[in-house]
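First the structure, in the form of C-alpha cells, and then the observations on it.
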Amino acid sequence: MTQEGVATAEEIVNIERPQETLPSGWEPNILAFACHYCAFAAADLAGVMRLSYPTTVKIIRLPCTGKLDPYYVLRALEGGVDGVFAAG
Amino acid sequence: MIVGKQKPFEQIWDMVKAYGSILVFGCNTCVAVCHEGGNKEAQILGSLLRLKAKQEGVTIEIQDGGIERQCEHEYFKSVAEDIRKADAVLSMACGAGVQFLGEKFPEKTVLPALNTTFIGVVDAPGVFSERCMMCGDCILHLTGGICPIIRCSKSLMNGPCGGSNKGSCEINSEVPCAWQLIYDRLEGQGRLDLLDAQIPVKNWSHSRDGGPRKQVREDMKTGNETAAGKAA
C-alpha cells in the first residue's frame, strides 16, 4: 500500500479477483430485481430488439426498486445465487 | 418508546455459535420502530446468521420469528412450540422482553441481541433521542414540558449551571442546554413566572434508588403472573 490504510488500484483488483480458479465456461448465477416502470421495460425492449443476455441471469419484476427488501437480497444469496442486480 | 441497538454482529455470532438450534425472535413494537429488533429485523439477522454459519462451516439450525410484544403473556401462545423446539432463543426485544421470555420459559437459554439504550422519540426517520429516564416523579408541568432530569447533563432542578454557553451544554456544543430550552419555551408561552417556583430536592426513592419498581391495578388483576412477578 502506498499510504497507510489506502489500497492501490492493483490491490483492489486482487481483492475482487476470486481466490479459486474457476472452471472454464463458468458463469455466475445472477438474480436481477427490475423496476416495472424502467428497467423491466428496458429488458422487454431488449427482447423486442432480439438482444440476448446469459441464461444464468434471472429477472424478478418489482413494482418499484423501493420494494426491494434487504431480506430478498439475503434470501437470494442464501439460496445460492452468486450476485444480485438491482435495476430501477 | 423503548429504543435499542443491535449488538455488533460478531458478538451475536459468538453468543449463538455453540448451539445446535436457534430461534431469532423479534419484538414488533418499540424496538421495531427504531428498526433494530422487530420481526423484519429478526428475518434479516436470521438470514445473516445462516450465511455466517455456512461461511464458517458450522451446523446450526436457525429459524426466525417474532411476536407483537415480548413483555406480555398473551402474545406467546402461538409461538410456545417454536420456542420449546430451539436450543436457545436470540431475543431481539429490550431487556424487559428478554427477561420476560426467560421467565416464561425458564428451561430455555435466552440470549440478548440488542443493547437497550433509552426511552425516546423519533426526531426524524432514523433519528432517535432520549426524553425520559423514568424518575417516577414528573415535574414537566413546572418546566414547560422539557425535562431537566434527562435533558440537562447534570440533572439540575433550578436553572442552568455556569457551563451553559449560547444555548449549548458544556459537554458538547451539539447538545442544547435544557434550561435554555425551558426558558425559551416558557417565554414563548408567557409563563416565565413558573421559574420563580423553587423545585424542592428530588425524592429519588420513586426512581431506581428505591429498588425494582412494581405497580398494581387491583381492579385489573386476574392472576397469571410469572414466577418472577410474584416474587417481586
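Below, chain A is the first sequence line, B the second, and so on; all start at residue 1. All values reported here derive from a predicted model rather than from experimental measurement.
- Legend: salt bridge (Lys or Arg N to Asp or Glu O under 4.0 Å) pairs involving residues 21-32 of chain B, not counting sequence neighbours: none detected.
- Residues of residues 26-65 of chain A lying within less than 4.5 angstrom of chain B, judged on heavy atoms, are absent.
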Counting backbone as well as side chains, what donor-acceptor pairs lie under 3.5 Å between chain A and chain B?
unit_1, atom_1, unit_2, atom_2, d
A/Asp69, OD1, B/Lys40, NZ, 3.4
A/Asp69, OD2, B/Lys40, NZ, 2.5
A/Glu78, OE1, B/Arg50, NE, 2.6
A/Glu78, OE2, B/Ser47, OG, 2.4
A/Glu78, OE2, B/Arg50, NE, 3.2
A/Glu78, OE2, B/Arg50, NH2, 3.2

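- Under the side-chain contact (heavy atoms from CB on, under 4.5 Å) criterion, B/Cys138 pairs with B/Leu140, sequence neighbours left out.
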